[in-house]
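One structure below.
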Amino acid sequence: MATPDIMEREQDFLLSPPLLDPSKAGEGAKSRGMSIEKKIEFLESLTGNVSNRRSRRWLNDRLLMELVPRLDADEIRGLFAPPPWGDKVPPSPFCMTNYGEWDKFRNIDMDKEANIIKALNGSTLKRKCHVDTDKIAVLNAWRRIDCRTRDAFRRSYLPVLIEGFEVCIRAFIEESKDADELVLRVQDSFHRLLLHGVCEFYNLVSVTVTESKDAESLKMTRIKKKKKGSAEIPSITLSQFLRLSKEGIW
């Protein structure tokens, strides 16, 4: 419990002027600092003599309140009138630009709004279905390739070589008959592996045979269609698919 002497000293302190009095704004910073330090020392001396927990807590609150400067009229009004219940918010530059046209769009008829949203959703769904169809087709073609050949495509991406193989094979599929055969002479073993992968991508049969010519053996790859109409030409080529996969899109 606080003693009468301490309560009397505290009453004198409450009647004293505040630390930051607006009427004395012209005083120097040095005198105000000395006044603050003096009042802090006084409050600390009070807390040292008070044993009651509630009294000590009250004195500590008083010390914190004395350290906070008084609020001006604008700050007090801001506490009791926060947005959006306070002053009206000024219009943004976006609303001020072509205000009449923006207002027409905001107040659009409900039926027109429903028709616009329906048309946008329909076009988006149609475009998405078209993209998904192409994506499914190229993924199915990619799965036909042997796993070891797929690893070779991922390790060594040779776009010029693959595009050259694809030009010949796509032209063969479009222009040849079912019984026709395409012959490519590729001597490098790794390039032949990629060629077989391209043939599997387009659902073709490819066989490499050795041809002897002038005491020299040459490799020859024979390519033909599996069945009537079985060869497929995806809209997305293998080289495009590999490039998109390398860029992280697929």
Side-chain angles (χ1 to χ4, degrees), residues 105 112-250:
F105 178 78
K112 292 183 179 179
E113 180 183 2
N115 292 333
I116 292 174
I117 295 175
K118 184 177 180 181
L120 291 175
N121 292 337
S123 61
T124 304
L125 182 61
K126 184 177 179 181
R127 184 168 59 253
K128 183 179 180 181
C129 291
H130 179 68
V131 173
D132 290 345
T133 302
D134 296 340
K135 186 175 181 179
I136 291 173
V138 72
L139 288 176
N140 290 334
W142 174 252
R143 293 189 187 98
R144 284 196 296 264
I145 303 176
D146 184 72
C147 59
R148 293 175 297 178
T149 310
R150 290 201 299 262
D151 293 338
F153 278 121
R154 295 191 186 98
R155 289 196 310 269
S156 301
Y157 175 51
L158 304 175
V160 178
L161 178 66
I162 297 173
E163 288 177 3
F165 289 157
E166 286 191 287
V167 170
C168 297
I169 291 175
R170 292 172 77 95
F172 169 73
I173 296 174
E174 293 176 351
E175 301 174 0
S176 65
K177 299 179 181 180
D178 296 338
D180 292 343
E181 187 179 73
L182 175 65
V183 179
L184 296 177
R185 291 176 173 81
V186 180
Q187 304 307 314
D188 186 270
S189 59
F190 183 73
H191 292 177
R192 283 199 307 273
L193 176 64
L194 299 182
L195 175 59
H196 288 294
V198 174
C199 294
E200 292 173 342
F201 182 83
Y202 289 96
N203 201 19
L204 299 174
V205 178
S206 58
V207 179
T208 299
V209 296
T210 303
E211 181 184 21
S212 298
K213 185 177 181 181
D214 299 334
E216 184 180 1
S217 59
L218 300 176
K219 297 294 183 180
M220 181 174 58
T221 303
R222 300 179 180 274
I223 304 170
K224 59 182 179 180
K225 299 178 181 179
K226 287 185 178 180
K227 297 179 181 179
K228 183 178 181 180
S230 62
E232 300 177 2
I233 303 181
S235 58
I236 302 175
T237 63
L238 177 58
S239 57
Q240 293 173 348
F241 173 76
L242 293 174
R243 185 177 68 253
L244 294 175
S245 300
K246 192 175 183 65
E247 294 175 355
I249 299 176
W250 277 354

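These figures come from a predicted structure and were not determined experimentally.
One finds the CD1 atom of I236 at 12.0 Å from the CG atom of L242 (value rounded to the nearest 0.5 Å).
Shown here are the salt bridge (Lys or Arg N to Asp or Glu O under 4.0 Å) partners of R185, two or more places apart in sequence or in another chain: E211. Residues forming a side chain to side chain contact (heavy atoms under 4.5 Å, CB included) with R144 (at least two apart in sequence, or on another chain): A141, N203, E232. The side chain to side chain contact (heavy atoms under 4.5 Å, CB included) check on V160 picks up nothing, with sequence neighbours excluded. For the salt bridge (Lys or Arg N to Asp or Glu O under 4.0 Å) test, no residue two or more places apart in sequence or in another chain qualifies with D180. Qualifying salt bridge (Lys or Arg N to Asp or Glu O under 4.0 Å) partners for R243, counting only residues two or more places apart in sequence or in other chains: none. Under the rule for a side chain to side chain contact (heavy atoms under 4.5 Å, CB included), the partners of L158 that lie at least two apart in sequence or sit in another chain are L161, F190, H191, L194. A search for salt bridge (Lys or Arg N to Asp or Glu O under 4.0 Å) contacts involving R143 returns nothing, not counting sequence neighbours. Listed by chain and number, the residues in a side-chain hydrogen bond (donor to acceptor under 3.5 Å, both in side chains) with S176 amount to none (sequence neighbours excluded). Residues meeting the side-chain hydrogen bond (donor to acceptor under 3.5 Å, both in side chains) test with T210, sequence neighbours left out: K219.
Nearest heavy atom pair, residue I173 against residue K225, reads O-NZ, 3.3 Å. Between F201 and V138, the shortest heavy-atom contact is CZ-CG2, 3.7 Å. Scanning all heavy atoms of the two residues, the minimum distance from G197 to T149 falls at CA-CG2, 3.6 Å. Of all heavy-atom pairs between I233 and R170, the closest is CG2-NH2, 3.2 Å. In terms of heavy atoms, V183 sits closest to M220 at CG1-CG, 3.2 Å.
Within the structure, every pair that satisfies the salt bridge (Lys or Arg N to Asp or Glu O under 4.0 Å) test and touches residues 146-168, not counting sequence neighbours, is listed here: D146-R148, D151-R154. Legend: ring pair (Phe, Tyr, Trp, His ring centres under 6.0 Å) pairs involving residues 135-174, not counting sequence neighbours, sorted by first then second residue: W142-F241.
Judged purely by distance below 3.5 Å, without hydrogens or angles, the side chains of H196 and T208 pair a donor atom with an acceptor atom.
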